[in-house]
Every structure is written in C-alpha cells, then in structure tokens.
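Keep in mind that what you see is a predicted model, and the values were worked out from it rather than measured.
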Amino acid sequence: MRLQSYPTLSVVLSCTFPLMPASLAHLHTNNCSSIFAHPPMLIQTQINPTLKIPSFSRKPIQTHTLKDICLRGNLKEAFQSLPVSSNDHPDETYAPVLELCAQKKALSQGLQIHALMIKSCSVSESVFLATKLVFMYGKCGSVRNAEKVFDQMGQRSIFTWNAMIGAYVSNGKPFEVLQTYKEMRVLGVSLDAYSFPSLLKASGLLKNLYLGSEIHGLAVKFGYDSTVCVVNSLVAMYAKCDDLFGARRLFGRIDQKDDVVSWNSIISAYSSNGRSMEALELFREMQKAGLDSNTYTVVACLQACEDYSFRKLGKEIHAAVLKSAQLLDAYVAGALVAMYVRCCKMSEAVRTFNKLEEKDKVAWNSVLTGFIQNGMCSEALHFFHDFQNAGEKPDQVTVISILVACGRLGYLLNGMELHAYAIKNGFDLDLQVGNTLIDMYAKCSCVNYMGYAFNRMPDKDLISWTTVIAGYAQNSYALKAFELFRELQLIDIDVDPMMIGSILLACSELACVPQVKEIHGYIMRRGLSDVVLRNMIVDVYGECGHIDYAVQTFESIQFKDVVSWTSMISAYVHNGLANEALELFHILNKTNIHPDSIALKSALSAASSLSALKYGKEIHGFVIRQNFSEGSIASSLVDMYSRCGMVENAHTIFKSIQSKDLVLWTSMINAYGMHGHGKVAIDLFNKMKENLTPDHVAFLSVLYACSHSGLTAEGRQFFEIMKYEYQLEPWPEHYACLVDLLGRANCLEEAYEFVKSMQMAPTAEIWCALLRACQVHSNQELGEIAVQKLLELGSTNPGHYVLVSNVFAAKGRCKDAEKIRSRMKERGLKKSPGCSWIEVGNRIHTFIARDKSHPECHHITKKLDQITEKVEKEGGYIAQTKFVLHNVEENEKVKMLYGHSERLAIAYGLLKTAEQTPIRVTKNLRVCGDCHTFCKLVSKLLGRELVVRDANRFHHFEDGVCSCGDFW
C-alpha cells in the first residue's frame, strides 16, 4: 500500500514491438486501429517507461513451458517463446502472457498480444481470453480499451463482470462501478465473493454509506459475510464512509481474529480517519494476539504517526523494522520517509531516503513535499536538482511541490520554466497543477501569466476561482477581482468564506463602502457570517474610513476572539482615533483574551501617534510580563519611544535585539533623523549596509534625516547611491524629500531643475516642498510657478490649498487667498485646526487654538499670561505677527499668537507636572516661527526642557536652544 497515489499521463506510443513473428509484423504496424470494430482507438499508456527490449532472433522452443516462463516474470523471454500459431490452445498460450503484462503494467506489450490474438484466433468467442484482456487493460490503466473488449463480448461470465468492476475501481472510477453494478442487478447476474470487495471499495470512494449497506445486505444474503476478504472490505468501506463504529463492530464480530489482513483493515481504518491512538492500540492488541506483522501493518502504523507528538513512536516502529529485515521493502521505506516528514524531522527523512536502494518517485516526492510543508523551500529546490541529476522526470506531484516553493520564494523565472515543462507534458491541464500555477504567479505578482494559466484550465473548481480572485485582490487589481466574482455568480459554484475574504480585500483596496455593504449583505443572506468573516468586515470598514459600521459589526460579534479585538483596535488607529484604540486595548486586558503581537503593535501605534509615553511604557511592561519576544515587536517599541521623544530608550531597545532585521534598522535610523541627529542616522545607515541591503523605505529614512539636519551634500549622495548603485527607482516621496532638502539650503534653482528632470510627473507633494522653500526664502518667481503647478494637479489634500492661500496672504494678495479658500469649500475640503495635546497623569489632554473648553481653562489662561509676561520682560519677546496670515487688526493677530494650542498645552504642563521633568507636547501642524521663539525663551527662563513634536520633526528646547538649529 503506497502512501500516496499520483495521477498518470497518457502518451501516444507507436505500435512497434519487434518481438513478434515476422509474419505478423505487418499486422502490428498497420492494423492497430482494427483491433476493435469501434472507431479507431488511440494506443495510449502511462508515462511509466515501456520495456525497451531490442530485437531478438527466434530461438528453438525451450524446455520450459510458456506458463513457467511467465511465472518467473520474464516478459522478454515470454514473448520469444510465443508460438507462431496458437489456434489449437489459445487459452493456454495467451492467458499467462496477458497476466504477466497486467502484473508488469506493460500496456504496449499487452496491445501487441491483443493484436496477435485477433490475427490468430477469435477473441470474441473465448470468454476466458476476453476476460483476461479486460483484466489486463484495467491493471494497465487503459479503462477505455477494457470497456471496448467488454462491450464486444457476446457472452460474459461473473469473472468478466468482476474484471470490469475491478478495472473501474483500480482506476478511480467509482461512478462507473455503480452503473455496472446496476446493470448486473437488472440482468440478474449473481455476485460471487470476488465481486464484493470491488463494489465495497467503490462505495467507500463515493462515501456512499447507503450503497455500502445495501451491498453488505447482499453479502449476508448470499452467505459471503463471513468470507475473510469480504469482511475486510466491509471494514474498510465503513471506515471510508466515516462510520468507524460500524467498522469496529463488524471487526468485533469476527470469531477467530487470526487473519493479519483483518487486523490491517481495522488499523488502517482508524489511521486513515485520524484516530491515531486507537490505531496504535489495535496494533498492540494484534501483537498480544501473537500475530506477525507484515508490510501493510507497518505502513498503517507509520501512517498513524501523524504529527510531531508521535515522533518517538515512529522511531520505535522504525527500530522494529530494522530488526526484522523482511519488513523493510520499498513501501515501508516510503512510509518511513513520509512519517518523518509529518513529524517535522526532515533530517531523519532525508537520512532514511538516502539509505533506500531503489528510490521510486513516491519516495522522491515525499521528501520534496516534506521540505515544502516544513517551510524549507530553498532546500526543496536543492533537492529537486538532486532529483533531476538522478535522471528522474517530474510528474504532477513534483511540479506542484516545486511551483509552491517558487511561489513562496518569489522565484518567477524558475516558476515559468516549470510552467513551460508542464505545458510540454500536458500537466498544466491538470486541475491541481493549474491551481498551483495560479497561486505561484499571484505570489510572484505576475498577474498577466496568472490570468493566462487560469483561462487555459479546461476545468475549474472553487479553489481555482478563489485563488485567481485572491491573486488579483492581493496584487491591487481589485476591479478585476470583482469582475471575476460577478462571473462566478453566474455559474453553479457555491461561494465559500475564503473567497468572500478575497473580495473584502478588494473592497479595502478600492475603499468602496457601497461594495463592502453589498458583500456584507450577501454574507448575511447566505448564512456565511462566521467570526472570521465578521472580523474581516470590521477590518475593511475601518480601512474604508467608516468607523461607525466597524463598531456596529464588532459589537454584533457575540463570541469575540483576539482577532476581533485586534481588528477594532487597528480600525481606530487607522482612522486617527488613538484614544479610543487605547481605551479598547485597556478593556481587552480585563477579559480572558490575551493580546497577540498584532494587537500590541496596534496599541503601540496608538501610543506613538499620541506621544503617550506612559501608555507606551505600560504596553512595554505588559510585553515583558507576558514573556513576549521583544524581537517580534522591537521596531514598534523603537518607533513608540522615538515618537514619544525618548530616543535614548529607543536606542536601548535597538541594542538589546541580537538579530536585527531591515525594519528595525530603518526604525532606528528614522528615529535619529526625526530628532535631528542626522550624522548619527547616517553612521547607522552605513553600518546597516554591511550586512543588509537597504530598500526604498530605508533610503527614505536616511534622506529625511539629511533633510532635518541640513546635510545637503550627503542627501544628494544617498539619492545617487539609491538610484545607480542599488538600482532602486525613486518614489515620489524620495523626490519630494530631496527637493525639500535643497529648498531648505536655499538651492532653489537646483531644486527646480531637479524637478524638471524627473522621469515621472511631479506630484503635488513635490511642488508643495518647492513652494514652501520659495516662501521661506522669498523667491516669488519660482513660487508662482510652483503655485500654478500645484493648482493644476487639483489635489484633494486641504493642506496644499492652505499653503497656497498663506503664500498669497503673505504677499498681500487677499483676494487670491480668498479664492483659494472658496475653492476648498467647493470641493468639500476643510483645513485641520491646529491641535496640541499633552499626557498628564493617566489622561491625554487636548487643546485647540484659543481653547476655552478645558475644565481648568481659567487656571491655564492665567498661567499662560504669567509666562508671556515673563518672557516679554526678561527675554525681550515680541510677538511676530507676520506669522498670522488673517486679514485682521494687529492686536488681534497678537491675541491669536498668544492663544496657539501648543502654548496652552505648555502652560498646562507647567501647572501639573513636577519641576525638573521634561514637558512633552505634540502638535498636528508645523510649529510657527513665533511659537518656536516663545518655546526657546520658556526653556531658558523657566529652566524646563520642552520636547515638542510637530508635523515635521521633534524640537528639544533646552536652555534657550532648539535641537533643530532653527532649521525646520
């Protein structure tokens, strides 16, 4: 019994076998199509190589009979010994040779014997020989030929019917068995003991317990229910139909359990149904009964060792096999390899494989599949090279395994080579191969070939449709995914939750809420709404910005799992509701559900966006207490500490991780750049390059670091290195960053020429960076060009229009500024109001400009007035009203400056925090020049360190100096 069966291929063979008498050679080469009266039959065989036997001269008749020669299994000698004429005793002549062809699965030779029989005798007149032909064709996998011989027979015996049923069963055609069985019943053909095993096996293949029970009843009626082979088949049938109770009850009724086959049947029944412990207990009972195991027993027990927990038992069985040499054959060796694969012991599997004297394709494929199942894709490819060097030819199973490896590794060219091989050998039309090709191309982001592979498939199942829809969705071809989903709904295939998940992913890509609602309704109507899909719906509503729907769906989930909570927390974070995310995370900690790494990352992201250091430290403490690996969320911790102004803590986390990946290095480089430590960031980047290859994001981080620290030459150099040394095509963000860097350095002409030389069309962010630099350095000519280009793009970002309006207002062009504001209103765009927040105690306190909503606003205003008076008297502070671009009176401008949100937050911090502790404030917009001056004076005159994070970077104010060097 092999562990795995493999679909075979049919290839057309030429009818040239030289071992026939010369007088019959013309018959074989010219009259193959006349074997049957039916339409010409393609002479086909399996891909198993035919016996390539050279021509032999006719030899004198041997002393051994033809039957003796066939019993020895020598097909070549049997053909040489065939008499020229067999009219006298055709049954005795051809029957043993046909049996030998069946045993050897030698279809080509069997066809030649058939042709010789037609020439020398009447096949249709001999029921015996015709039955042998049906049997031979069935064993050789040529069901079509078996059917033609069967249909031409004028008379049939029960042996003929059994041969035909056996041919169907052995070739995986249980429905045809059922039809033949019905025909037998109609014609009144009596069944014998050998009919039942095939009929019962077909019932098992169909999982048709009703049919199996009917045949069981017939076996009882005809008195065969106590025949060993029938009982064993009944046990196997009930097991295949998932009725282990019936199988065990039937086995228990056997009085004399002295037949090893019966034990093998029940052990295999439990083993194949995943009842491993019961299977192994039955094996121990068998040993106690004093019966000797055979190879089938060993294989069944090895199959029961289904996972890593059975590794010890598997080794014990292996040891027993080694002690008993007669049990170690090719089947057992293959089962041992497969057992070690399932137990994740690939080194043992390979060691066992290497000791095999004869390595068949099943063994090769078992090891190959094992590498894939254990995530060892590179090792699988190396093993495949050994497979090829051994002269083996890949079959469908081999092709599927290597395609999976290529997909997971992203090896597109290797996958395409295999695709070409599959087309050449006709494998690509196989359903499983086709599905795997689709998946490989999807993982390699090659959607054109993925679509080609899908369209070429003659038959498609649910997996085919699900895989191709998922491939389009995952590769940002959402509309194509929807198109195929609509097409699928027109054919009779039921949609499953996995496909719905892919469509929801496409909805997320399109951010199309009506589509999400439609799919949501479809799920509810079809009753597919399990917790997994509801979690996905929460996630997609969050991605599409409809947080209310996400909340409703989340609250409707009765039994929430960790993914439910994580999806909702992530939805809050995605929609800028960090406070709500942290509150929900706090509620989660009070349940019996423990947050996973994704929930922790989302919570850390919320703490980062709020610069909520206390919350971030609490989450870090939770990570340590729950024994989470800090390495798995190290980059999130580094990002949290850096965004909370604690770059030293971020570096401590960074240093503590032994194996640093590219994401962690990039996070630390970004942290230093954000805090104005440009040279440190560059040193870290250069150190990273020694072991890792930087990607687009890593280069973007180091460019931002150069920009925030005014390192113009270094920024130019890194841009060139990225483009020419690493062959990375710059993103629009890289161009915008370099334009910003050049603009800050007052290299405006160079920045403009750089924009004009871009390979792609400049984006709104690039023109915005140039316009901002022109505003700072009062370059009206270039500024006007940037304004026109920015307006032509029709941006949907309100910040771009605000910048243009401010530029016009600063030049006194109030009417133009008003037109820009009107255009914003027409497009439904609103400027984000200036907002600052500070963490005090266990709360995040939020302020907007001239805010009066805070419960302690009176105390805050009073404190701010005191601070302002102090910096005016002792620091010489004078409000710079040029930063107020509203058309109001001068004293009103001063009041507006005094009421900026960051000043309110600083005043509250001075009221509520202990002396000598830093005051940490976060603002959603860029700090204006007047507030920047105010903060420097506060840090000097009040002796408090101020850490202000604005939309661009961090400002560390200490003793009257800012870390940005007034360059922001």
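Minimum interatomic distance between Tyr421 and Pro394 (heavy atoms only, all atoms of both residues): OH-O, 3.0 Å. Of all heavy-atom pairs spanning Lys560 and Ile593, the tightest one is O-CD1, 3.1 Å. For the pair Cys406 and Cys444, the tightest heavy-atom approach, listed with the atom from each and the gap, is O-SG, 4.0 Å. Nearest heavy atoms, Arg456 versus Leu429: O-CD2, 3.9 Å. Heavy atoms only, all atoms of each residue included: Cys377 and Arg408 are closest at SG-CD, 3.6 Å.
Under the 3.5 Å distance criterion, the side-chain polar atoms of Ser567 are matched with a main-chain donor or acceptor of Val563. Using modelled atom types, no side-chain atom of Asn374 and backbone atom of Met376 make a donor-acceptor pair closer than 3.5 Å. The backbone N or O of Asp242 sits nowhere less than 3.5 Å from a side-chain atom of Asn273 that would complete a donor-acceptor pair.
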Contacts under 3.5 angstrom, residues 507-519 side chains, donor-acceptor by atom type, not counting sequence neighbours:
| unit_1 | atom_1 | unit_2 | atom_2 | d |
| --- | --- | --- | --- | --- |
| Lys517 | NZ | Tyr549 | OH | 2.8 |
| Glu518 | OE2 | Arg486 | NH1 | 2.8 |
| Glu518 | OE2 | Arg486 | NH2 | 3.1 |

Distance-only criterion, 3.5 Å: show the donor-acceptor pairs between side-chain atoms of residues 457-464 and protein atoms not counting sequence neighbours.
| unit_1 | atom_1 | unit_2 | atom_2 | d |
| --- | --- | --- | --- | --- |
| Lys460 | NZ | Met457 | O | 3.1 |
| Asp461 | OD1 | Asn435 | ND2 | 3.4 |
| Asp461 | OD1 | Ile463 | N | 3.2 |
| Asp461 | OD1 | Ser464 | N | 2.9 |
| Asp461 | OD1 | Ser464 | OG | 2.8 |
| Ser464 | OG | Asn435 | OD1 | 2.5 |
| Ser464 | OG | Asp461 | N | 3.1 |

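Here Asn670 pairs with nothing under the side chain to side chain donor-acceptor pair (under 3.5 Å) rule; sequence neighbours left out. Taking the ring-ring contact (aromatic ring centres under 6.0 Å, His included) definition, one finds that Tyr411 meets it with nothing, sequence neighbours left out. With sequence neighbours excluded, no residue satisfies ring-ring contact (aromatic ring centres under 6.0 Å, His included) with Tyr472. Listed by chain and residue number, Ser276 satisfy the side chain to side chain donor-acceptor pair (under 3.5 Å) test with Glu306 (two or more places apart in sequence, or in another chain). Arg275 pairs by the side chain to side chain donor-acceptor pair (under 3.5 Å) definition with Glu278, not counting sequence neighbours. Partners of Tyr641 according to the ring-ring contact (aromatic ring centres under 6.0 Å, His included) rule, which considers only residues two or more places apart in sequence or in another chain, are His620. Legend: residues meeting side chain to side chain donor-acceptor pair (under 3.5 Å) with Gln474, ordered by chain and number and at least two apart, are absent. Tyr477 pairs by the ring-ring contact (aromatic ring centres under 6.0 Å, His included) definition with nothing, not counting sequence neighbours.
Here ring-ring contact (aromatic ring centres under 6.0 Å, His included) pairs that include residues 558-607, with residues two or more places apart or in two chains, are Phe554-Trp565. Sequence neighbours left out, the pairs with a member in residues 441-453 that pass side chain to side chain donor-acceptor pair (under 3.5 Å) are His419-Tyr441, Asp439-Lys443, Ser445-Asn475.
Side-chain contact between Phe654 and Trp665 is present, with at least one heavy-atom pair separated by less than 4.5 Å. Leu484 places none of its side-chain heavy atoms less than 4.5 Å from the side chain of Leu488.
If you check the side chains of Ser602 and Ser570, you find a donor sitting under 3.5 Å from an acceptor.
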Please determine whether side-chain hydrogen bond (donor to acceptor under 3.5 Å, both in side chains) holds for the pair Asp395 and Thr398, giving the CA-CA distance in whole Å, both sets of side-chain angles, and the decisive distance to 0.1 Å. CA-CA 5 Å; Asp395 61 5; Thr398 318; 2.7 Å; yes
Determine, step by step, whether Ser564 and Asn535 satisfy the side-chain hydrogen bond (donor to acceptor under 3.5 Å, both in side chains) criterion, reporting the C-alpha distance in whole Å, the side-chain angles of both residues, the deciding distance to 0.1 Å, and the verdict. CA-CA 5 Å; Ser564 311; Asn535 293 342; 2.6 Å; yes
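One finds the OG atom of Ser635 at 11.5 Å from the CD1 atom of Ile653 (value rounded to the nearest 0.5 Å). Taking CD from Gln552 and CD1 from Ile557, the interatomic distance works out to 12.5 Å, rounded to the nearest 0.5 Å.
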